Amino acid sequence: AQEAGSHYWSTAPSGTAGNAISFTQAMTLDASGNLVVGGTSAHAATITSYGNATRSGGLGIRNSAGTVAGFFGTYAAGSGGGSTDIYAEATGFMAFATASSERMRITSGGNVLVGTTTDNGNKFQVSGTANATQFNSTSGTVSVAPSTNTTFFTPSGAGLYMAHVYLDGNATQTWDATIIFAYNATNILVVNQTNSVNVSTQISGTDIQVRQIGGTTYTFNYEVIRIK
C-alpha cells in the first residue's frame with residue numbers, strides 16, 4: 001500500500017544499465033483523497049472521489065475545467081434521503097447504451113425516452129411496443145341510487161379514453177358497463193359502448209356518468225384509462 005500523494009504506474013520500469021529508467025504513470029492518489037485516472041491533478045481528472053456535506057462515499061466525474069458533471073454514490077440525509085444515486089449535475093441528458101447504441105435517456109427536464117432521442121414533452125415516451133399487465137389513470141368508487149345518473153369521471157385533457165364501471169363482490173348482481181370515448185378538450189365522442197340490462201354509461205356534457213336500475217343503492221368500482 002502507498003500513502004496519499006503516491007503515484008501508481010501501468011508498466012514495469014524499463015531501461016538498460018547506465019541509462020535512465022522510464023515509467024508510464026497511470027493514476028495518482030493526491031493528498032486530498034482524490035483518485036486521479038489519466039492525469040496528475042484532481043481538476044484534470046476523469047474520476048475523483050467525492051465527499052462533502054451533501055454527498056458521501058461516492059465517485060465524481062469531472063470535465064477538463066474541473067466541474068463535476070456526475071456523481072455515483074450515496075447522498076447524505078437532507079439532500080437525497082440517504083439513498084444511493086446516479087446523479088447528473090451538469091445540464092444535459094443522461095444516456096444508457098448497449099452495443100455502442102443509445103437505448104434510453106433521461107432528459108435534463110426529467111422525461112424518460114426509450115428507443116428514441118426525440119423528446120415530445122411527455123414524462124414517459126416509448127418508440128416501439130410496450131407491454132404491461134395494467135395501466136391505470138384514474139380509479140375509485142361511485143355510489144349510484146336506482147334510476148339515477150351519477151358522474152364518476154370528467155376528462156381534464158384531450159385524448160382517447162376507456163372507462164369501465166362494474167359491481168364487484170356482489171353475489172346477486174354482476175353489473176358492468178364499458179365505454180371508449182374521445183375528448184377534444186371541448187366535446188366527447190363515443191367510439192364504442194357496451195352496456196348491460198341494468199347498468200349503463202352515458203355522456204352529460206363532458207361528464208361520464210353511470211346509471212343503474214335496481215331496488216337499492218349500489219357502490220360501483222370504476223377505472224378510466226387514457227389510451228393516448
Side-chain angles (χ1 to χ4, degrees), residues 80-81 83 85-88 90-98 101-170 173-214 217-228:
S83 60
D85 300 279
I86 300 175
Y87 187 84
T91 300
F93 61 86
M94 180 183 293
F96 300 84
T98 61
S101 296
E102 182 178 329
R103 310 300 182 184
M104 184 181 78
R105 73 168 56 181
I106 303 174
T107 70
S108 59
N111 296 338
V112 178
L113 316 181
V114 179
T116 180
T117 58
T118 301
D119 185 3
N120 63 12
N122 291 316
K123 280 299 180 184
F124 184 66
Q125 179 183 340
V126 178
S127 177
T129 302
N131 293 323
T133 58
Q134 185 175 349
F135 290 97
N136 275 341
S137 175
T138 303
S139 62
T141 60
V142 58
S143 180
V144 184
S147 302
T148 301
N149 304 326
T150 303
T151 297
F152 67 92
F153 180 75
T154 302
S156 59
L160 181 64
Y161 295 81
M162 182 176 70
H164 181 213
V165 183
Y166 59 97
L167 192 63
D168 194 18
N170 188 289
Q173 303 291 346
T174 56
W175 300 341
D176 66 55
T178 303
I179 179 173
I180 300 175
F181 61 94
Y183 178 57
N184 64 4
T186 302
N187 300 305
I188 290 180
L189 172 66
V190 175
V191 178
N192 184 42
Q193 187 167 244
T194 302
N195 294 320
S196 68
V197 175
N198 292 317
V199 62
S200 61
T201 55
Q202 64 182 40
I203 305 298
S204 176
T206 57
D207 294 338
I208 313 300
Q209 298 182 335
V210 61
R211 178 181 179 86
Q212 68 101 352
I213 301 173
T217 298
Y218 286 95
T219 299
F220 289 83
N221 294 281
Y222 67 84
E223 297 168 352
V224 183
I225 301 172
R226 182 173 177 175
I227 300 173
K228 65 179 295 184

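Predicted model only: the values in this text are computed from it and were never measured.
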Which pairs of donor and acceptor atoms, one on a side chain in residues 141-148, lie under 3.5 Å apart (sequence neighbours left out)?
{"residue": "Thr148", "atom": "OG1", "partner": "Ala145", "partner atom": "O", "Å": "3.4"}
{"residue": "Thr148", "atom": "OG1", "partner": "Pro146", "partner atom": "O", "Å": "3.0"}

For this session: For the pair Tyr166 and His164, name the ring-plane relationship: parallel under 30°, tilted 30 to 60°, perpendicular over 60°.
Result: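 Parallel: the ring planes of Tyr166 and His164 meet at under 30°.
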For this session: Describe, in one word, how the ring planes of Tyr222 and Phe152 are oriented to each other, choosing from parallel (under 30°), tilted (30 to 60°) and perpendicular (over 60°).
Result: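 Because their plane-to-plane angle lies in the 30° to 60° range, the rings of Tyr222 and Phe152 count as tilted.
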For this session: Would you kindly say whether Thr98 and Arg103 are connected by a side-chain donor-acceptor distance under 3.5 Å?
Result: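 Present: a donor and an acceptor within the cut-off.
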Exercise. Roughly how far, to the nearest 0.5 Å, is CD of Glu102 from CG of Leu113?
Worked result: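 Rounded to the nearest 0.5 Å, the CG-CD separation comes to 8.0 Å.
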Exercise. Atom OG1 in Thr150, atom CD in Gln202: separation rounded to 0.5 Å?
Worked result: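 Here the interatomic distance stands at 9.5 Å.
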Exercise. If you look at every heavy atom in Ile213 and Trp175, which pair is closest and at what distance?
Worked result: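 Closest approach of Ile213 to Trp175: O-CH2, 3.3 Å.
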Problem set entry | Exercise: identify the closest heavy-atom pair between Gly205 and Ile203 |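 For Gly205 and Ile203, the tightest heavy-atom pair comes out as O-CG2, 3.3 Å.
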Any donor-acceptor pair under 3.5 Å from [X] side chain to [Y] backbone:
X      : Y      : answer
Ser204 : Asp207 : no
Asn120 : Asn122 : yes
Arg226 : Ala158 : yes

Exercise. Taking the six-membered ring for Trp, is the centroid-to-centroid distance between Tyr161 and Phe153 below 6.0 Å?
Worked result: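 Ring-ring flag for Tyr161/Phe153: true, centres closer than 6.0 Å.
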With a 3.5 Å cut-off and sequence neighbours excluded, list the donor-acceptor pairs that the side chains of residues 176-191 form with protein atoms.
{"residue": "Tyr183", "atom": "OH", "partner": "Ala185", "partner atom": "O", "Å": "3.3"}
{"residue": "Asn184", "atom": "OD1", "partner": "Thr186", "partner atom": "N", "Å": "2.9"}
{"residue": "Asn184", "atom": "OD1", "partner": "Asn187", "partner atom": "N", "Å": "2.6"}

For this session: Take Gln125 and Asn111 through the test side chain to side chain contact (heavy atoms under 4.5 Å, CB included) and record every step on the way to the result.
Result: CA-CA 8 Å; Gln125 179 183 340; Asn111 296 338; over 6 Å; no
